[in-house]
Amino acid sequence: MSWLLNLIPALSQVLTNGLSTLGTLQQGPLAPFLTNNPLPSGYPWGTRTVYNTNPYEIPPFTGVVRPYTFTISRGNIAPDGVNRSVILVNGAFPGPTIEANWGDTIQVTVNNQLTDEGTALHWHGFLQKKTQYYDGVPAVSQCPIAPGKSLTYTFQADLYGSSWYHSHYSAQYAAGIFGPMVIHGPTNALYDIDLGPVMLSDWYHRDYFSLVEQTMTPGPPVKSDNNLINGKGVFNCSSTSLPCTNNAGLSKFVFTPGKTHRLRLVNSGAEGTQQFSIDGHNLTVIANDFVPVTPYTVQSVTLGIGQRSDVLVTANTNNASAAYWMRSTLVCSLTNQPFGLAAVYYNKANTSATPTSVAPTIPQQCDNDALTSTTPFFPFGAQPQPATTQQFDITFGPNSTTPPISNLFYMNGVSFRGNYNAPVLLLSNAGNNSYPLDPEWNVYNFGSNSSMRFVVYNHFPATHPMHLHGHNFFVLNVGNGQWDGSIINANNPQRRDVQILPGQNAQQEPGFIVLQINADNPGVWPFHCHIAWHVSAGLYVNILERPADIARQRFPQTPFQTCKDWAAFTNTTVIDQIDSGL
Ligand SMILES: *[C@@H]1O[C@H](CO)[C@@H](O)[C@H](O)[C@H]1NC(C)=O
Ligand SMILES: *[C@@H]1O[C@H](CO)[C@@H](O)[C@H](O)[C@H]1NC(C)=O
Ligand SMILES: *[C@@H]1O[C@H](CO)[C@@H](O)[C@H](O)[C@H]1NC(C)=O
Ligand SMILES: *[C@@H]1O[C@H](CO)[C@@H](O)[C@H](O)[C@H]1NC(C)=O
Ligand SMILES: *[C@@H]1O[C@H](CO)[C@@H](O)[C@H](O)[C@H]1NC(C)=O
Ligand SMILES: *[C@@H]1O[C@H](CO)[C@@H](O)[C@H](O)[C@H]1NC(C)=O
Ligand SMILES: *[C@@H]1O[C@H](CO)[C@@H](O)[C@H](O)[C@H]1NC(C)=O
Ligand SMILES: *[C@@H]1O[C@H](CO)[C@@H](O)[C@H](O)[C@H]1NC(C)=O
Ligand SMILES: *[C@@H]1O[C@H](CO)[C@@H](O)[C@H](O)[C@H]1NC(C)=O
Ligand SMILES: [Cu+2]
């Protein structure tokens, strides 16, 4: 592959990634925590440890505010050498890293400088207790931010570890609106150097609207054009007629010999499942999503969209000039170019040289690691029988036999479609939880139930990374066929916020996952597939949790003002909402 043998990049960082420095040698390691906090007992979070704190009940409160200003605007960049129109946060791709300590307050003012569409940013994985209205989901927790308008999101860094933010407005994040979040906290394993976020994302050379349109229309499916690591890749320009530069440049990382490095892997793509590895090195997984786990060692990690794994890698090659390929490969995904590459240099290596390491033989893995190997560090013990159980059946098909036809996903026979002008949470706050004319809002009202179990069957022959907002669910079981009632790691089941739901298998047995949550967070919580095209096609339900408490809560004026601004905008501009809205 002569077009990628040269690691002296042909394009400057600003032409490939705008104002981002992610993936360059200028991007230094992260400190163990931000030091401008008071440090009771030596840490911003005081005496709390991974062992002694139920993170869902008693996160620390530091009182320290981390302010950010994010301006959303259009630009042109060439992350893999193909120059395209994108939508960026502060002109950077990936967007700026949000960094905070556990217990800090994150405050992000989002200015929408797009002239013709709304936006809304979701802070993936936070619980948003008592700040449900800042969860960033249009048609659910807010109206979109109208062109020219701003919204300040204020919420607590209530969990710690690695995550990301992204636009939740249609598939807008596939245009570039996403970035990493690093929340420093106590650790469950020792390491020396925090190399920070490693964003893994499939990449497309077309605008997101036309991709959504194609994906919902019967005919050839959308395939990704490339696979990027920290927003960088290379492309064979002979195979495109678009403006293209060969050898745009790959991301580079430096390993210090003998030291153990932390990498914060995030699948921030639109469709593809990533299988990540580093030649010549094993990976020790210490956290999945925002949940520290008993460390376990693997050759590769599989991440569905939205999932994160924090991995430790020890630089144990006895050659300070060594260089290796970091690989992330799209597996069981729709793509024309599955291979993501970055270079890992030991600290005396020539950082312009091309690694010569060969890929180890690793079996393809499209599902998450077995639940038997993923044990949370902080145990909650066996989960009691839930107060209520809800089954969801996921199907796919055309919405009509005569044109115009859309290919849609359904949960229990209903394909979600939201109304940007009528967010369910704000109606619920006003005491309205019934929408007789809107079955397609897919609201499941769980009333005052104290816990809920979701048994989800997938009758579609591909996986869905299922994400729930506002919670880390217990994953009680995963498999194919009919759930037999058994629970894996019953005394300490895996928790996380996205779990890959297997596809229906060759024997026509549906995939299933069994999830359980405690109803400790009143709100309207999206439960959906994180594949951008699937949620656009309606693979989504609203979990309405403790509506009486939502109605009792006093919401600030901010989300209502955002709706007034959006109403004024949509009074004169018709929104071409071709999808679910999310
Ligand atoms: C680049 O693409 C062209 C056209 O598809 C192909 O002929 C060529 O072999 C490719 N080059 C490399 C190095 O893969
Ligand atoms: C991409 O296009 C923009 C706008 O036309 C231009 O400013 C920029 O230089 C181009 N980048 C490359 C790498 O050609
Ligand atoms: C990685 O783990 C495998 C399986 O445990 C082991 O055989 C191999 O030697 C390890 N490789 C390295 C580089 O530590
Ligand atoms: C160390 O690695 C470099 C880069 O791959 C290689 O050129 C060199 O021969 C290696 N040295 C030894 C002693 O193996
Ligand atoms: C580093 O590698 C580049 C690319 O192969 C080469 O051009 C350069 O001469 C090398 N530098 C040194 C000091 O070896
Ligand atoms: C199916 O979806 C298309 C595209 O959204 C829409 O125009 C059409 O009215 C829908 N058909 C039915 C029967 O709902
Ligand atoms: C609740 O909201 C829905 C949707 O806006 C509306 O149709 C319905 O009339 C409202 N119900 C009440 C009692 O206000
Ligand atoms: C519990 O949830 C079910 C729906 O699964 C609902 O029918 C029932 O009314 C709820 N119970 C309470 C006490 O809210
Ligand atoms: C929408 O337009 C109508 C008619 O011009 C006007 O009466 C109404 O106040 C407008 N609503 C908003 C929210 O701007
Ligand atoms: Cu899906």
Side-chain angles (χ1 to χ4, degrees), residues 2-20 25 73-88 91 93 175-176 203 205-207 226 231-235 237 240-250 252 254 319-323 325 343-357 384-393 411-412 428 433-434 442-456 514-525 527 541-552:
S2 57
W3 42 274
L4 60 72
L5 283 181
N6 188 347
L7 281 191
I8 303 169
L11 292 177
S12 67
Q13 177 70 6
V14 72
L15 287 176
T16 53
N17 298 85
L19 298 178
S20 170
L25 296 170
S73 61
R74 287 185 199 281
N76 279 279
I77 54 167
D80 60 355
V82 175
N83 204 352
R84 58 158 288 195
S85 166
V86 290
I87 311 179
L88 301 183
F93 179 73
W203 186 245
H205 293 153
R206 279 160 53 196
D207 68 284
N226 211 339
K232 302 173 78 66
V234 289
F235 195 73
C237 288
T240 180
S241 55
L242 298 168
C244 180
T245 310
N246 279 314
N247 192 32
L250 294 176
K252 298 182 178 184
V254 175
N319 178 356
S321 303
W325 287 120
V344 174
Y345 296 108
Y346 277 48
N347 64 4
K348 296 284 193 298
N350 175 351
T351 57
S352 296
T354 304
T356 54
S357 62
Q385 282 297 316
T388 187
T389 296
Q390 177 68 52
Q391 180 173 327
F392 293 107
D393 284 90
M411 285 179 84
N412 291 348
S428 188
N433 298 305
S434 60
N442 258 3
V443 178
Y444 284 76
N445 187 344
F446 288 99
S448 61
N449 283 290
S450 58
S451 59
M452 286 86 96
R453 182 176 286 176
F454 306 138
V455 183
V456 190
V514 182
L515 312 175
Q516 188 161 320
I517 58 170
N518 292 319
D520 55 6
N521 194 4
V524 180
W525 301 116
F527 178 45
V541 295
N542 282 305
I543 303 298
L544 174 55
E545 177 175 342
R546 288 172 42 185
D549 292 312
I550 299 172
R552 259 196 291 277

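Remember, it's 1-based here, ligands and their atoms both numbered in the order they're listed.
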Any nitrogen or oxygen of N76, main chain or side chain, under 3.5 Å from a nitrogen or oxygen of ligand 2?
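No.
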Any N/O of N445 closer than 3.5 Å to an N/O of ligand 8?
no
N449, portion touching ligand 8 at heavy-atom distance under 4.0 Å:
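For N449, the contact with ligand 8 is made by both the backbone and the side chain.
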Which residues pass the salt bridge (Lys or Arg N to Asp or Glu O under 4.0 Å) test with R206, sequence neighbours left out?
none
Between L11 and ligand 2, which residue portion shows a heavy-atom distance shorter than 4.0 Å: side chain, backbone, both, or neither?
side chain
Does [X] use its side chain to pair, donor to acceptor, with the backbone of [Y] at less than 3.5 Å?
| X | Y | value |
| --- | --- | --- |
| N17 | F93 | yes |
| N542 | L544 | no |
| K252 | T351 | yes |
| R546 | A519 | yes |

Show the atoms of ligand 8 that are less than 4.0 angstrom away from any heavy atom in S448.
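It comes down to these atoms of ligand 8: 12 (C), 13 (C), 14 (O).
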Should you measure from each heavy atom of G447, which atoms of ligand 8 turn up under 4.0 Å away?
14 (O)
Below 4.0 Å from any atom of ligand 5, which residues have a heavy atom? Give them in chain and number order, please.
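Ligand 5 pocket, heavy atoms under 4.0 Å: N350, S352, A353.
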Could you tell me if D80 and H205 have a donor-acceptor pair between their side chains, going purely by distance under 3.5 Å?
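Yes, side-chain donor-acceptor contact under 3.5 Å.
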Pair N433-S428, side chain to side chain donor-acceptor pair (under 3.5 Å): steps then yes or no
CA-CA 5 Å; N433 298 305; S428 188; 2.7 Å; yes
